[in-house]
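In what follows, a single structure is set out as structure tokens and then discussed.
Each chain gets a letter, A, B and so on, in the order the sequences are listed, and its residues count up from 1. Atom set for the values below is all heavy atoms of this structure, side chains included, hydrogens, waters and symmetry mates excluded. Computed from a prediction, not measured in an experiment: that's the story for all the values here.
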Amino acid sequence: MTDVRVRIAPSPTGFLHIGTAKTALFNWLFARKYNGTFILRLEDTDVERSAEEYAQAMCEGFHWLGIEWDEGPEFGGVPEKGACGPYRQSQRRELHRREAFRLLEEGKAYKCFCTKEELEEMREQARQQKLPPRYNGTWRNATPEQVATMGDTPYAIRFKVPEGETVIHDLVQGEVRTNNREYDDFVILKPNGDPIFHLAVVVDDGTMKISHVIRGDDHLTNAARHVMLFQALGYELPKFAHLPMVLDEAGKKFSKRLHGANVLDWRDDGYLPEALINYVVLLGWTPEEEGRELFTRDELVEHFSVERLGASPAKFDLKKLQWLNGQHIRRLSTEQLRDRVVPLLEKAGFDTRAKSEAWLTKMTEICQTKIPTLNDIVPYTDFFFVEPAAYEEKAVSKQWKKPGALDRMRTIRALLEGVAPWDHDTLKAAYEQLSETSGEGLGQFVHPTRLACTGKSVGPGLFELLELLGKDVCLERVDKAIQFIETVEEKTP
RNA sequence: GACCCCAUCGUCUAGUCUGGCCUAGGACACCAGCCUUUCACGCUGGCGACACGGGUUCAAAUCCCGUUGGGGUCGCCA
């Protein structure tokens with residue numbers, strides 16, 4: 001295979017969309033798999049909608065996912081890299097213009113002096129006749145004299161679509177042939193000298209020596225236009241692969257307005273980038289190894305193959321992402337997980353620096369198989385940092401608003417006081433013995449203790465949690481609980 | 001409207017190119033059970049699909065045609 005050079009070419013009109021991330025991911029995977037080059041090119045020629053902050057937000061999205069480009073624009077203090085720059089389309093305007101005029105000189109394009117109003121009328125007429133709205137070719141065969149009489153009236157340059165058939169050998173969609181009659185002579189350069197998308201992509205892909213154009217299948221019908229331009233410009237034709245788009249859970253195109261459309265939403269929701277990547281890849285590709293779904297970034301690179309890309313669109317399934325996220329959380333070493341989770345606790349306002357690293361590791365360990373997302377660490381461990389502000393209502397009525405609740409709590413208090421050393425095994429043994437001598441289930445003692453110490457009915461395993469909380473704090477909280485029950489009993493005799 | 005793409009359990013999919021090995025396999029979800037101090041994790045089992053209609057063939061999820069449904073493109077947006 002020739003040098004693999006692929007690119008993602010988003011237009012920075014917002015954040016990094018999940019769909020853009022998906023095509024970027026496949027481009028990146030392809031490049032990594034075949035030792036190729038992955039290029040980021042910002043298509044910021046639409047000045048109206050592009051903004052610098054959007055470009056930065058987009059790059060941040062890629063950065064979070066761990067999709068690093070080999071060639072691309074400046075970002076976050078890292079200067080532009082690559083020999084085919086600049087990588088911002090807006091800075092390549094001269095090149096686009098030059099190529100447009102070259103086509104003009106070679107007779108492959110022509111000047112069109114139609115005004116916007118005339119074009120609008122043309123479309124209106126077509127609509128009325130129920131014909132596809134398209135340019136009628138007014139200036140296609142204009143004589144040099146006619147053109148000359150226009151003087152310096154502003155004009156657009158249109159590409160002269162050749163007769164014949166254009167065939168695309170798509171790596172995903174197969175052979176797609178279209179009669180060129182389906183296409184009208186489209187504008188390639190605006191009167192103000194700005195290139196139109198079709199010209200810009202082709203010139204950029206051609207001059208950047210892109211070997212494979214891997215993009216969303218919303219470009220499939222554009223591909224024929226691009227192939228014609230590639231041929232007219234005399235560039236080497238890249239291979240094409242049009243991937244299906246990502247649909248939302250209802251099966252509609254994933255709207256920008258939906259939560260989760262922005263890849264950084266997932267970061268904020270406590271998902272691991274490797275889990276998101278793993279999930280999104282599965283939306284468009286199946287591994288050779290049947291039944292396997294869990295992959296790290298490196299494993300994806302290792303196993304990726306174009307042959308197994310799917311052609312049908314996939315709906316986004318949150319449940320499966322959640323499951324995968326849990327799998328990735330459990331795959332992390334406890335230390336890695338700790339380092340990801342501690343900042344979240346800090347953000348929640350808890351002082352983790354007062355705890356030792358070993359303690360924090362232990363805390364992470366007892367939550368690792370429990371939390372579905374990183375953010376869940378907060379409700380699972382908040383009681384380690386602050387005293388429970390309130391007791392869970394439902395648990396209170398279940399554990400403490402029944403006869404004997406107070407005595408039971410006092411029994412627990414006495415039990416805890418005698419536990420030494422204060423560790424998981426000893427605590428467990430003590431509770432088991434209590435359960436046995438009293439003839440009651442272990443849960444009868446475990447649940448009230450949990451409620452007293454954490455304020456909740458769910459959380460990490462009780463004995464490991466107690467060990468970490470420390471004896472003094474536990475006794476204190478049990479005392480508080482006893483007081484609480486006493487007040488409750490007074491109120492409801 | 002014209003043209004293009006897509007179509008297997010609720011969801012993601014294997015199988016389709018190279019028809020028989022498919023009374024259609026896996027995963028998520030769901031349901032039941034096990035484990036268990038809660039919630040989870042883990043384990044076991046269950047439910048559950050070839051969109052429809054025609055062909056071709058000894059044989060079709062697999063090939064062909066049509067229908068339906070979904071998506072896309074038809075800009076002096078990208």
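- B:rC64 and B:rC4 have their P atoms separated by 16 Å, with the value rounded to a whole Å.
- Relative ring orientation between A:Trp266 and A:Tyr271 is described as perpendicular, the plane-to-plane angle rising above 60° on a 0-90° scale split at 30° and 60°.
- Distances were taken from every side-chain heavy atom of A:Val458 (C-beta onward) to each of B:rC39, B:rG72, B:rG75; the shortest belongs to B:rC39.
- Among B:rC41, B:rC76, B:rC4, the nucleotide with an atom closest to any side-chain atom of A:Val176 is B:rC4.
- Residue A:Leu283 is in sugar-phosphate contact alone, with no base atom involved, counting any heavy-atom pair closer than 4.0 Å across all strands shown.
- Nearest nucleotide to the side chain of A:Asp317, out of B:rC28, B:rC4, B:rU37: B:rC28.
- Across all strands shown, A:Asn179 has no heavy atoms under 4.0 Å from either base or sugar-phosphate atoms.
- Among the protein residues, A:Asn222 comes within range of the nucleic acid bases, having at least one heavy atom under 4.0 Å from a base atom.
- Here A:Lys252 reaches the OP1 or OP2 of B:rG71: one of its side-chain N or O atoms lies under 4.0 Å away.
- With B:rG26, B:rA2, B:rU38 as the choices, the nucleotide that has an atom nearest any side-chain atom of A:His447 turns out to be B:rU38.
- Residue contacts shown for A:Ala311 are limited to sugar-phosphate atoms, with no base heavy atom under 4.0 Å away.
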Working for salt bridge (Lys or Arg N to Asp or Glu O under 4.0 Å), residues A:Arg340 and A:Glu274:
CA-CA 13 Å; A:Arg340 302 224 202 184; A:Glu274 50 267 50; 2.6 Å; yes
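- Side chain A:Lys398 to base B:rU38: no donor-acceptor pair is found below 3.5 Å.
- Which of B:rC28, B:rG72, B:rU13 sits closest to the side chain of A:Lys253 comes down to B:rG72.
- B:rC47 and B:rG70: their P atoms are spaced 32 Å apart (whole Å).
- With the nearest nucleotide of RNA chain B identified for both A:Cys112 and A:Gly174, A:Gly174 has the one nearer the 5' end.
- Atom name C1', nucleotides B:rU56 and B:rC63: the rounded distance is 8 Å, in whole Å.
- B:rA59 makes up no base pair with any nucleotide shown, lacking Watson-Crick or G-U wobble contacts both under 3.5 Å.
- Pairing for B:rG42 goes to B:rC34, judged as Watson-Crick or G-U wobble with the two contacts each under 3.5 Å.
- Residue-level contact check: A:Pro372 touches neither bases nor backbone, having no heavy atom under 4.0 Å from any strand.
- The nucleotide B:rA51 finds its pairing partner in B:rU67, both defining distances of the Watson-Crick or G-U wobble pair being shorter than 3.5 Å.
- Between the C1' atoms of B:rG25 and B:rA14, the separation comes to 6 Å (whole Å).
- Regarding contacts with the backbone of B:rA78, every side-chain N or O of A:Arg225 stays at 4.0 angstrom or more from both OP1 and OP2.
- A straight line from CZ of A:Phe383 to P of B:rC39 spans 16 Å, rounded to a whole angstrom.
- A sub-4.0 Å separation between OP1 or OP2 of B:rU38 and a side-chain N or O of A:Ser457 is absent.
- In this entry the distance linking CG of A:Asp205 with P of B:rA78 reads 15 Å, nearest Å.
- Side-chain atoms of A:Tyr110 and A:Asp185 form a donor-acceptor pair, as typed in the model, at a separation below 3.5 Å.
- Closest to the A:Gln173 side chain, of the nucleotides B:rA14, B:rC5, B:rU73, is B:rC5.
- Residues A:His328 and A:Asn325 have side chains that never bring a donor and an acceptor to within less than 3.5 angstrom of each other.
- Rounded to whole angstrom, the span from the OH atom of A:Tyr380 across to the C1' atom of B:rC41 amounts to 10 Å.
- Using a 4.0 Å heavy-atom criterion, one finds that A:Gly459 contacts the bases of the nucleic acid, with or without backbone contacts as well.
- Both A:Arg158 and A:Lys428 sit near RNA chain B, but only A:Lys428 has its closest nucleotide nearer the 5' end.
- Closest to the side chain of A:Arg308, from the set B:rG72, B:rA78, B:rA14, is B:rA14.
- Spacing of P atoms, B:rG55 relative to B:rU73, comes out at 38 Å, to the nearest Å.
- Listed pair A:Gln322 / B:rA27 fails the phosphate criterion, with no side-chain N or O lying under 4.0 Å from OP1 or OP2.
- Residue A:Thr286 has a polar side-chain atom (N or O) positioned under 4.0 Å from OP1 or OP2 of B:rA14.
- For the residue pair A:Glu440 and A:Phe445, the shortest heavy atom distance occurs at OE1-CZ, 3.9 Å.
- Checking the phosphate oxygens (OP1, OP2) of B:rC5, no side-chain nitrogen or oxygen of A:Arg177 falls inside 4.0 Å.
- An OP1 or OP2 oxygen of B:rC41 is reached within less than 4.0 angstrom by no side-chain nitrogen or oxygen of A:Lys370.
- In summary, the side chains of A:His226 and A:His198 do present a donor paired with an acceptor at a separation below 3.5 Å, with no hydrogens or angles considered.
- Residue A:Glu43 contributes atom CD, which lies 9 Å from atom P of B:rA78 at whole-angstrom precision.
- In this structure, of B:rG72, B:rU38, B:rA7, it is B:rU38 that holds the atom nearest to the side chain of A:Arg450.
- Residue A:Tyr279 is out of contact with every strand shown, counting any heavy-atom pair closer than 4.0 Å.
- The gap from the C1' atom of B:rA51 to that of B:rU37 amounts to 50 Å, rounded to the nearest Å.
- Residue-level contact check: A:Glu464 touches the bases, meaning some heavy atom is under 4.0 Å from a base atom.
- For the P atom pair drawn from B:rU36 and B:rA61, the interatomic distance equals 47 Å after rounding to whole Å.
- Heavy atoms of A:Phe316 sit nowhere under 4.0 angstrom from any nucleic acid atom.
- The side chain of A:Phe197 lies closest to B:rA78 when the candidates are B:rG10, B:rA78, B:rC77.
- Pair assignment for B:rG1 gives B:rC74, based on Watson-Crick or G-U wobble hydrogen-bonding distances that are each under 3.5 Å.
- A salt bridge does not link A:Arg93 with A:Glu99: every distance from a Lys NZ or Arg NE/NH1/NH2 to an Asp or Glu carboxylate oxygen is 4.0 Å or more.
- With hydrogens and angles left out, the side chain of A:Lys320 and the base of B:rA27 share a donor-acceptor pair within 3.5 Å.
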Quick one, A:Trp285 with A:Phe26, criterion ring pair (Phe, Tyr, Trp, His ring centres under 6.0 Å). Give me CA distance, side-chain angles, the key distance, then yes/no.
CA-CA 9 Å; A:Trp285 172 85; A:Phe26 284 122; 7.6 Å; no
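- Among the protein residues, A:Arg292 comes within range of no part of the nucleic acid, since none of its heavy atoms lies under 4.0 Å from any strand.
- Here the side chain of A:Thr369 is nearest to one of B:rC76, B:rA40, B:rC6, namely B:rA40.
- Note on A:Thr115: a base of the nucleic acid sits closer than 4.0 angstrom, heavy atoms only.
- Counting only N and O atoms by type, the side chains of A:Glu392 and A:Ser457 include a donor and acceptor under 3.5 Å apart.
- When each of A:Arg92, A:Lys239, A:Arg7 is paired with A:Asp205, the salt bridge (Lys or Arg N to Asp or Glu O under 4.0 Å) condition holds for A:Arg7 and for no other.
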